[in-house]
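Here is the structure we will look at, set down as structure tokens.
Residue numbers begin at 1 in each chain, while the letters A, B, ... track the order of the sequences. Values in this document were obtained by computation on a predicted structure and should not be read as measured data. Worth knowing before you read on, the calculation uses all heavy atoms, side chains too, and leaves out hydrogens, waters and symmetry mates.
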Number of protein chains: 4
Amino acid sequence: MIEDVRRAQIIESAIETFAEVGYSGTSLARIAERAGISKGVISYHFAGKDELMEQLVDQVYREITGFVAPRVERESTAAGRLRARLRSVAEYVQGHRSQLLALAEVFNNLRDANDQLRYGETFNEPIYQSQEAMLRAGQDSGELRDFDARVMAVTVQAAIDAMIAYWGAYPEHDIAAHAEQLADLFENGIRAHHAGQETDR
Amino acid sequence: MIEDVRRAQIIESAIETFAEVGYSGTSLARIAERAGISKGVISYHFAGKDELMEQLVDQVYREITGFVAPRVERESTAAGRLRARLRSVAEYVQGHRSQLLALAEVFNNLRDANDQLRYGETFNEPIYQSQEAMLRAGQDSGELRDFDARVMAVTVQAAIDAMIAYWGAYPEHDIAAHAEQLADLFENGIRAHHAGQETDR
Amino acid sequence: MIEDVRRAQIIESAIETFAEVGYSGTSLARIAERAGISKGVISYHFAGKDELMEQLVDQVYREITGFVAPRVERESTAAGRLRARLRSVAEYVQGHRSQLLALAEVFNNLRDANDQLRYGETFNEPIYQSQEAMLRAGQDSGELRDFDARVMAVTVQAAIDAMIAYWGAYPEHDIAAHAEQLADLFENGIRAHHAGQETDR
Amino acid sequence: MIEDVRRAQIIESAIETFAEVGYSGTSLARIAERAGISKGVISYHFAGKDELMEQLVDQVYREITGFVAPRVERESTAAGRLRARLRSVAEYVQGHRSQLLALAEVFNNLRDANDQLRYGETFNEPIYQSQEAMLRAGQDSGELRDFDARVMAVTVQAAIDAMIAYWGAYPEHDIAAHAEQLADLFENGIRAHHAGQETDR
DNA sequence: CATGAATGAGGCTTCATTCAT
DNA sequence: CATGAATGAAGCCTCATTCAT
């Protein structure tokens, strides 16, 4: 009810604040100010700043996954799935710029009591593993050449993040074309060598 | 003389602190404590925390460039230069883990008075441009296929950063092999299609 | 009706909270939480935290007095009344541990707008005076020796409070035996000297 | 050096604040204000509010013990030692009113992370034990009658604390006379019966 | 009669920076 | 050249209280 509305409003305000002034510039006071509410309200709805950030990550993460996953699953070949992933991320990201920037801020900075990153590489494990499985299936079917699937999974993710970050810095950058370029790169880079195939674009 | 020694000592201490506890966990007090000096000394030798961080970036950046650049210039083909870059970065990084982690922290967080990232994508411009020039030369010579050189430059840089970050999280990861995998990926991904060449490894 | 039930429930919850976490650890939120009610309810039934505490004192005080007074009045000699008082307090206290601890917390900490203790020594005045009257009667009848009745009244009260506090800290302590020891002490300490001993002063 | 001077000044200011406005009314801001220093200074010289309070207790405790102990040790009989203790406490307390009130505030309120009193009855153990030893020696020598030495030790301490508290509330009260009255009470109350009286139990 | 939501003051602490010595 | 002391802003959090529903 009202509870959920407020929490959503606060998270939305936090997203915009992180996106605009970065992790260390984001205080509860600033979030509250942007939301037009009193400072204490955030502490009322969230156990603390950390919980707010974790919920932010949860929400944004769920949203983007909910958008991308079905579009990927529609494809059957490894190359097709990879291209679908790149395209759908690029598509989703348009209109959700702040969300992605905020996600990156929290990702790269939130630490636990032992100074370890709360969302470190270990948080990416599930993604890496599903990506690896997909790539290995492509290798087994003969579609893809031999390579280290873990390295490739890490690199695909890095290419996506960089695409988002670059577009974050240069909003006029054509992110859809960027995604196609990446798909071409990986398609050429990992397919099995026999005769010269062509990309679908 | 003493001046320079002190500054170097402070920067060294700052590097280790950033690497260990991250950007928001790094205070002047903590840097001073690790260096075994008084808090005030830092303010005496640097105009402020910002200047310290800028000098840190300058120093680390100069070091890594000084290591990588000559190894790249020794090569003549685009593929060779790219592989040399990947290899030499991977080589340099071993033994300079803290430096690279600290560099990333400052890179991703330091902002100016207008909340703009001090080292944003614009800081990468020189790298992108030199990389682009190299790639275009490869395209002109017929070595490389047609693609967006800017996107490729961004992606190469991202792949390198991710390699470092992954190795930062999993120190037992074989970063040298990782670099070769990346070289293979890009070599296959961007060379001109005629007959099937082989990578050198 | 319901009104009174709620007030009693809240006071009961406050008693246990004070007893457990002390004065400064007791917040309305904590009291409400223990009572299983909403925070606002307390403010609805009491003018404020201060009034709640005053009612708590009133209630506990009335209870203990209602238990002790008739048992004291049954006795006729000063020594008998004193022993009756000590015994009945010790008896009452068993089964009302939290009440007494809570009473002490509020007693020692609640202050008015001028930072004066709300229940200071002045609150003990009625007790002191009744005790003094009883002791003076014993002196007049020749049962008790000469001494400062006010000092003795203060000391008796202090001995009782310490007995309760000690037993509060060591629940296995035999409080009934403690009460008898105190009665012996005072009986020997204040009765008239039939063989004339002298103090060293 | 300056360090010690400041710490002493802050503790002194804390003592007066506790004495005046009580435990819950004492904030670091108020202490700093009274000391005429900036809020942050306290955090600079003490790890936190808790450490400040512990040092306060240490200091006051050491002072009072240093005054009382030699005066007690000068005496040889149990009655003499007890009277010496009562007299010297009463003497010391005059001129150190705030110290004693502050000590009581911290004593009765400071709690650890588990809500247990930092200075509970257990803190009094050493006092109780030394007092007990003294009383038992008196019983062994035939000077004192049979009684529970622990109960008596607790009661003596309580009588002293009450004397201080009463005088704290009524500064015109004659605390020296009060101490003599207490000494008389205990002397009569615990000495061996040469003419054999009996208690009623 | 009860509640959950909101407020704003105040508490403790950390921090970058300044300054006298 | 170095230090320790001090500052005051800002951060997060808790709290008693108010209020619309």
Lys NZ or Arg CZ of A/R7 over A/F46 ring: under 6.0 Å, within 45°: yes
Nucleotide-resolved protein contact map, nucleotides 14-21 of chain E, B/S/- at heavy-atom distance under 4.0 Å: BSSBB---
Atom pair distance, as rounded to whole Å: CZ in B/R7 and P in F/dA2: 12 Å
Could you state the CD-C1' distance from A/E51 to F/dC13, rounded to the nearest angstrom? 14 Å
Can you tell whether the side chains of C/E20 and D/R111 come within less than 4.0 Å, N to carboxylate O? no
Charged N-O contact under 4.0 Å between A/E54 and A/R118: yes
Rounded to whole Å, the OH-C1' distance (A/Y23 to F/dC12) equals 12 Å
How many whole angstroms separate atom CD of D/E33 from atom C1' of E/dG10? 13 Å
Given DNA chain E, 5'-ward residue of the pair A/H45 and C/I37, judged by closest heavy atom: C/I37
So, is A/R6 near the phosphate of E/dA6, with a side-chain N or O under 4.0 Å from OP1 or OP2? yes
Do the side chains of C/R30 and D/D115 get close enough for a salt bridge, i.e. N-O under 4.0 angstrom? yes
Distance in angstrom units between D/I42 CD1 and E/dG11 C1', rounded: 12 Å
B/I64 side chain near B/L100 side chain, heavy-atom distance below 4.5 Å: yes
With pairs taken as Watson-Crick or G-U wobble and both distances under 3.5 angstrom, which stems of at least three consecutive pairs involve DNA chain F? E:2-21 with F:2-21
Find the distance C/D4:CG to E/dC1:P and express it as a whole number of Å. 10 Å
Pair A/Y61 and A/Y119, ring centroids less than 6.0 Å apart: no
Donor-acceptor side-chain pairing of B/Q55 and B/E51 below 3.5 angstrom: yes
B/R34 vs B/E16, side chain to side chain contact (heavy atoms under 4.5 Å, CB included): CA-CA, chis, key distance, verdict: CA-CA 9 Å; B/R34 185 188 289 266; B/E16 284 165 23; 3.6 Å; yes
Out of F/dG8, F/dT3, E/dA5, whichever nucleotide has its closest atom nearest the side chain of D/S38: F/dG8
May I ask you to check whether B/Q59 and B/R62 show a side-chain donor-acceptor distance below 3.5 Å? no
